[in-house]
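Everything below concerns the one structure shown next.
One-based numbering, in listed order, for ligands and for the atoms of each. Excluded from the calculations below are hydrogen atoms, water molecules and symmetry mates; all remaining heavy atoms, backbone and side chain alike, are included.
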Amino acid sequence: KEINGATKVTGIIGYPLTYTFSPPMHNKAFEALNLNYRYLPFVVEPNALENAIEGIKSLNIRGINVTMPHKEAVIDLLDELSAEAETIGAVNTINNDNGRLIGYNTDAGGFLKSLKEESFNPAGKTAIILGTGGAAKAVAVALARAGAASIVIIGRSGNKAEAITSSLISNFQEISGKTLTFRDNLADIFQIGELIVNATPVGMKESGDLLPVPLEFINASHFVYDLIYTPLETALINGARHKGAKAANGLGMLLYQAASAFEIWTGTSAPVEVMRQALIQGLKSGDRPDNAEEENRRVPT
Ligand code: NAP
């Protein structure tokens, strides 16, 4: 559909937005279903967040994804939160419901759908989560909701890890929780753990071939889920597979969080395969969508 007066605008706010694969995923999906929607990047500095959120209403923007560093700060600026976003304490999707801004967290559900696609059922299992940021919180709540028996949070700071554990225990009475730091002796806990989730940025392209935990802790009975998707195969994933463990990258979570946001905004089932192909294409054609532009600028004329 051509852009016209009835086009509904969606997009993403973050700062910076150097790495985002969301615009092609959503735009290809709108195109596939012939929906009169567009998805745009909005680079919003932290001190402009409040005005930007007001702008969603003023400009009648249909919906917005929220990424770093705004996922937590945005909460106070919204009219309502889904129960899940409230429990997690982070929002990645805003729906403009006739002028009322409602915050959702589709990262959690996206993670669960991706686990299901990998045929891993977390019910009754012991999960170890590395990291204590927004993604770790979403994963912890998702796993608790899916009936995990026990969740271990490992952080650099014991305080942040403890805050997540105690919030989990107060929200999900059935679950048992434990807090550790990377400085503790982790060998025993990895013997018990069944699902290992890396929710730290350690292993991302720019950090090199680093590991969030030594490979000696990983064994063939583990399912290792690395939230990172650039590169698609981190040193952790590669090492885990060599040890005979099953492993997955964060592509599925990224895909399914987007599919849920699409459904919230359009009320229509997301064309998941179209979105998956757009995502894979985006990842293949260079991880910095603005790279070409920067390179061009450097060419002397
Ligand atoms: P965040 O809020 O900045 O949290 C990052 C966490 O990693 C913090 O707990 C931080 O510890 C910890 N950390 C950073 N460097 C570390 C190091 N060298 N050793 C140990 N821990 C370290 O980020 P986030 O939003 O949670 O994202 C975390 C990762 O998940 C990123 O790689 C992101 O790309 C990925 N992610 C993927 C998806 C997906 O859809 N696949 C969705 C969301 C996020 P401190 O608190 O001590 O600083």
#### Entry: Pairwise side-chain contact, R276 with I280, heavy-atom cut-off 4.5 Å (strictly under)
yes
Show me the donor-acceptor pairs within less than 3.5 Å that the side chains of residues 129-151 make with the rest of the protein, sequence neighbours left out.
residue : atom : partner : partner atom : Å
K137    : NZ   : E72     : OE2          : 3.1
R145    : NH1  : E84     : OE1          : 2.9
R145    : NH1  : E84     : OE2          : 2.0
S150    : OG   : S176    : OG           : 3.3

Side-chain donor/acceptor pairs under 3.5 Å, residues 38-50, sequence neighbours excluded:
residue : atom : partner : partner atom : Å
R38     : NH1  : K1      : O            : 3.3
R38     : NH2  : K1      : O            : 2.7
Y39     : OH   : N65     : OD1          : 2.7

### Task
For K57, check side-chain hydrogen bond (donor to acceptor under 3.5 Å, both in side chains) against everything at least two apart and list the hits.
D79
### Task
Compute both the distance and the angle, then confirm whether K125 meets the cation-pi test with F120: under 6.0 Å from the six-membered ring centre, within 45 degrees of the axis.
yes
#### Entry: Under 4.0 Å from ligand 1 - residues by heavy atom, chain and number
M68, G131, T132, G133, G134, A135, R156, K160, F182, A199, T200, P201, V202, M204, L227, I228, Y229, G250, M253, L254
### Query
Taking the inter-plane angle between the rings of F111 and Y225 on a 0 to 90° scale, is it parallel (under 30°), tilted (30 to 60°) or perpendicular (over 60°)?
perpendicular
